[in-house]
Enquirer: 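To start, I am sharing the structure in question, which I have written as structure tokens.
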Protein chains: 2
Amino acid sequence: MSEGRPPVPASPTLEDVARAAGVSRATVSRVINGIRNVDPAIQETVRHAIAETGYVPNRAARSLVTRRAGAVALVVSGTGEESVDGPFHSKVFADPFFGRVASGVVGFLRPRGVHPILMFAEDDEARAQVIAYLRQGNADGAVLVSTNALDPLPGLLTGMGLPAVLFARPSPPIPISYVDVAHRTGAKLAADHLVAVGRRRVATVTGPLAVPAAQDRLNGFRDAMAAHGHPYVPCAEGDFTQDSGEHAMERLLAEHPELDGVFAANDLMARGALLALRHHGRQVPGDVSVVGFDDSSAATASRPPLTTIRHPVEDMAAEMTRLLLEHVDDPGRPVTSVIFEPSLVVRESA
Amino acid sequence: MSEGRPPVPASPTLEDVARAAGVSRATVSRVINGIRNVDPAIQETVRHAIAETGYVPNRAARSLVTRRAGAVALVVSGTGEESVDGPFHSKVFADPFFGRVASGVVGFLRPRGVHPILMFAEDDEARAQVIAYLRQGNADGAVLVSTNALDPLPGLLTGMGLPAVLFARPSPPIPISYVDVAHRTGAKLAADHLVAVGRRRVATVTGPLAVPAAQDRLNGFRDAMAAHGHPYVPCAEGDFTQDSGEHAMERLLAEHPELDGVFAANDLMARGALLALRHHGRQVPGDVSVVGFDDSSAATASRPPLTTIRHPVEDMAAEMTRLLLEHVDDPGRPVTSVIFEPSLVVRESA
DNA sequence: ATGAAAGCGCTAACAT
DNA sequence: ATGTTAGCGCTTTCAT
């Protein structure tokens, strides 16, 4: 932003409150920051003066001395290869998942008087801007949700000493805290359910296999099916979009027309699979059972509603934020991971 | 956030750079802020010193003296009645529309080194927190997208003298800048198209009629149909969600089984209408033509893909942000509105 | 328990 | 064209 005049009329300062209360700035400051050793009577006087003057602390002044921004960044990071259709940001939020993360983050932050700074890091340039911005000390830490496992950003952030917590385990092991869901357990839940409803010729639509989560879901599913006596599970790779799910399902159907069950690594792809199945005249769940993953809004909005694996995204995001604030308050704290257990939500598709 | 030790090692200050370059702080400051009247040779020296020391300006210190936060808020505001299923924030971002707005805002802000602070104001408490936060001077202004026409927030913001720009015209006329789309023109486009493809028994699924946009789309549609010789257009009210669209379509079908065309006031509801139509065995577009509004990702993801009215949400959001920065730079500037023209996107549903 | 005073890092007069 | 200097509003020793 370019320069201009001050937009707001001068607001009351500590000095004003101190004068009104007949005490010193220091005392007012103590009251505001909840430091004890202040006479209760004086505290009362000060509080009254604060209310009377309509005083609100100036964050810049406070930050300058405390060396804390009092803000955190919410960084959505991508690969840089996604500029196929439309701007990255638009696409990102087309996936309801990110909205749930944002929700969880804000939900945790807000009661604490903190609000997240929203940043996108979809390519090298954007990443550089993010780094530059954070280097200015605009945020005390960052919660990071990345669409790409090889994202260099987590490494860069920890490298510059900025507290950061990831949503989902990074692919190259780096010393950074993260929250994640037990993908393998979730996939097992899906496998168990498909088998329980009598499916025997089951295939899976995977996410991009460079992503650990996609790997885990695939492997977990395969292992579970193997445990049920089905060592071979046909699979087709998608990229977590609905279209990719539809195409993957087409391929699966072409090669294995006899299949009677599908596990898609997320709901969007499951929805695409539903489309392909209908297109080929297969009834769901009559002919083919479909299980998704995420329990996103896509799951309830699709017809039939999706049986899926739910993970508590909002809770996870809140926990991620909690971890971040912990790291901010105590930079020496060792990195940790918190893994959430998913659950099966049975609807109509399987 | 509670207090703790400084998270980062002391970074170089203006003083350090000045010393390294053998000049005064003021000169370095001038170079950084692009103020002319600095000897080119010295500029070079200073730049070198900056690079050498790895200096980055401290935003808090700068804000303290300029009295500018250098940040803007992106506020998503709701009615408070939406807590039906899941947290407000989750629901908000389930609508791809908000993602597009965020995208446009960030797209405009980022090249200018500004990032938005994300805030939700879904009920009185949240609204109070938003106000309190903004009163602290954490943002120089706010771009506001509201799901409710009677939202008190715009009034509150302008009341406290904070520059703000809305996405969509507020229902009670208040002196505030906004961007919007020509809803009536869009609705007319839909009507013209439905008539052009031979539809004569046309109905409409409206948005919540308390919202001006929903009103305008309805009225624009009715007027245009009247101009085509169809004075009566059955309508059913929805609330912009897919489910509401489905239910509205059910009602329409029950009362007017002969209908052959539908205009839904947004894509999500159009999608719901598609579901209801299929459920009743109507072919789209064979038996019934369907036109949506928004050209959101829901339009391309639905089957058949939706013919819809496109408005340039990202561009509008960018313009909204531009207007905000203008108001921030010059608080005296009179409020303005910018209305964008929508266009018809023909796909398969009509 | 309270006050006085020293800055935090920066910008913007003002002086030269 | 450059330097000097006075704060911006706050927290935090250090005295008292």
Side-chain angles (χ1 to χ4, degrees), chain A residues 1-46 49-50 53-70 135-138, chain B residues 1-46 49-50 53-70 135-138:
Chain A
M1 255 172 297
S2 62
E3 304 314 317
R5 326 164 214 148
V8 278
S11 57
T13 72
L14 258 197
E15 185 69 53
D16 299 323
V17 179
R19 198 174 319 117
V23 296
S24 73
R25 288 207 306 272
T27 300
V28 180
S29 177
R30 287 185 187 109
V31 171
I32 286 169
N33 294 298
I35 293 174
R36 52 179 185 289
N37 292 349
V38 179
D39 186 293
I42 293 197
Q43 281 199 36
E44 192 41 50
T45 317
V46 169
I50 289 175
T53 53
Y55 170 81
V56 287
N58 176 315
R59 191 88 100 159
R62 181 178 284 178
S63 284
L64 185 55
V65 46
T66 60
R67 314 185 134 271
R68 303 285 234 74
R135 209 185 281 288
Q136 296 213 347
N138 286 297
Chain B
M1 253 171 300
S2 62
E3 305 311 318
R5 325 165 213 149
V8 278
S11 57
T13 72
L14 259 197
E15 187 69 52
D16 298 324
V17 179
R19 199 174 318 117
V23 297
S24 74
R25 285 209 307 275
T27 300
V28 179
S29 178
R30 287 181 187 113
V31 171
I32 287 169
N33 294 298
I35 294 174
R36 52 179 185 289
N37 291 349
V38 179
D39 187 291
I42 293 196
Q43 281 201 34
E44 191 43 48
T45 316
V46 170
I50 290 174
T53 53
Y55 170 80
V56 288
N58 177 315
R59 190 88 99 162
R62 180 179 285 179
S63 284
L64 185 55
V65 48
T66 59
R67 316 185 127 270
R68 303 285 235 73
R135 209 184 281 287
Q136 298 212 345
N138 286 297

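To find a chain, count down the sequence lines: A is the first, B the second, and so on, and within it residues start at 1.
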Enquirer: Rounded to the nearest angstrom, tell me the gap between atom CG in Asp16(A) and atom P in dG9(D).
Expert: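 Going from CG in Asp16(A) over to P in dG9(D) covers 9 Å.
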Enquirer: Closest to the Thr66(B) side chain: dT12(D), dC10(C), dA12(C)?
Expert: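 Between dT12(D), dC10(C), dA12(C), the one nearest the side chain of Thr66(B) would be dA12(C).
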Enquirer: Give the C-alpha distance, both sets of side-chain angles, the deciding distance and a yes or no for side chain to side chain contact (heavy atoms under 4.5 Å, CB included) between Asn33(B) and Arg62(B).
Expert: CA-CA 11 Å; Asn33(B) 294 298; Arg62(B) 180 179 285 179; 3.7 Å; yes
Enquirer: Where do Ala20(B) and Ala49(B) come nearest, in terms of heavy atoms and distance?
Expert: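 Shortest heavy-atom separation between Ala20(B) and Ala49(B) comes out as CB-CB, 4.1 Å.
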Enquirer: Kindly point out which of dG9(D), dT12(D), dC10(C) is positioned nearest to the side chain of Thr13(A)?
Expert: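 Nearest to the side chain of Thr13(A) among the choices is dG9(D).
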Enquirer: For Arg59(B), does its backbone N or O pair with a side-chain atom of Ser63(B) as donor and acceptor, under 3.5 Å?
Expert: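 Such a contact is found between Ser63(B) side chain and Arg59(B) backbone.
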Enquirer: Just compare dG3(D), dC8(C), dT11(C) and give me whichever is closest to any side-chain atom of Arg67(A).
Expert: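 It is dC8(C).
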Enquirer: Mind calculating the distance between CD (Glu15(A)) and C1' (dG9(D)) to the nearest angstrom?
Expert: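 Whole-Å distance recorded here is 10 Å.
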Enquirer: Please work out which residues in residues 37-44 of chain A have a non-hydrogen atom less than 4.0 Å from an atom of DNA chain C and list them by number.
Expert: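 Close to the strand are Asn37(A), Val38(A), Asp39(A), Ile42(A).
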Enquirer: Does a nitrogen or oxygen in the side chain of Thr27(A) sit under 4.0 Å from OP1 or OP2 of dG3(C)?
Expert: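 It does, given that an N or O in the side chain of Thr27(A) lies less than 4.0 Å from OP1 or OP2 of dG3(C).
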Enquirer: When the distance from CG of Asn58(B) to C1' of dT11(C) is rounded to whole Å, what number comes out?
Expert: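 Answer to the nearest Å: 13 Å.
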Enquirer: Can you give me the closest heavy-atom contact between Ser24(B) and Ala18(B), atom names plus distance?
Expert: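 Closest heavy-atom pair between Ser24(B) and Ala18(B): C-CB, 3.7 Å.
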Enquirer: What I'd like to find out is whether the side chain of Val23(B) reaches to under 4.5 Å of the side chain of Thr45(B), using heavy atoms alone.
Expert: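 Side-chain contact under 4.5 Å: no.
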Enquirer: Arg62(B) CZ to dC10(D) P: how many Å, rounded?
Expert: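 Rounded to the whole Å, the gap is 21 Å.
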Enquirer: Rounded to whole Å, please give me the gap between CG in Leu14(B) and C1' in dG3(D).
Expert: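 Nearest whole value for this atom pair: 14 Å.
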Enquirer: Taking the side chain as everything from C-beta on, heavy atoms only, tell me whether Ile32(A) gets closer than 4.5 Å to Tyr55(A).
Expert: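 The answer is yes; the side chains approach within 4.5 Å.
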Enquirer: Among the candidates dG3(D), dG9(D), dT2(C), find the nucleotide nearest to the side-chain atoms of Ser24(B).
Expert: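 Side chain of Ser24(B) sits closest to dG3(D).
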Enquirer: From the set dA12(C), dA6(D), dT11(D), return the single nucleotide nearest to any side-chain atom of Arg25(B).
Expert: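 The answer is dA6(D), which lies nearest to the side chain.
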Enquirer: Among dC10(D), dC8(C), dT11(C), find the nucleotide with the atom closest to the side chain of Tyr55(A).
Expert: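 The nucleotide sitting nearest to the side chain is dC10(D).
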Enquirer: Could you please name the option among dG9(C), dC10(C), dC10(D) that lies closest to any side-chain atom of Leu64(B)?
Expert: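 Among the listed nucleotides, the one closest to the side chain of Leu64(B) is dG9(C).
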Enquirer: Rounded to the nearest angstrom, tell me the gap between atom CZ in Arg59(A) and atom C1' in dC8(D).
Expert: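 For the pair Arg59(A) CZ and dC8(D) C1', the rounded distance is 17 Å.
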Enquirer: For Arg68(B) and dC10(C), give me the distance from atom CZ to atom C1', rounded to whole Å.
Expert: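 Distance, rounded to whole Å: 15 Å.
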Enquirer: Can you check whether Asp16(A) reaches Thr13(A) side chain to side chain, under 4.5 Å on heavy atoms?
Expert: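 Side chain of Asp16(A) against side chain of Thr13(A), heavy atoms only: contact under 4.5 Å found.
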Enquirer: Do Val28(A) and Arg25(A) make a side-chain contact, defined as non-hydrogen atoms from C-beta onward lying under 4.5 Å apart?
Expert: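 Result no, sub-4.5 Å side-chain heavy-atom pair not found.
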Enquirer: Considering just the side-chain nitrogens and oxygens of Asn33(A), establish if one lies under 4.0 Å of OP1 or OP2 belonging to dT11(D).
Expert: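 Looking at the OP1 and OP2 atoms of dT11(D), one of them is under 4.0 Å from a side-chain N or O of Asn33(A).
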Enquirer: What nucleotide, of dC8(C), dA6(C), dC14(D), holds the atom closest to the side chain of Arg30(A)?
Expert: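 Selected nucleotide: dC14(D).
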Enquirer: Ile50(A) CD1 to dC10(D) P: how many Å, rounded?
Expert: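 That distance rounds to 10 Å.
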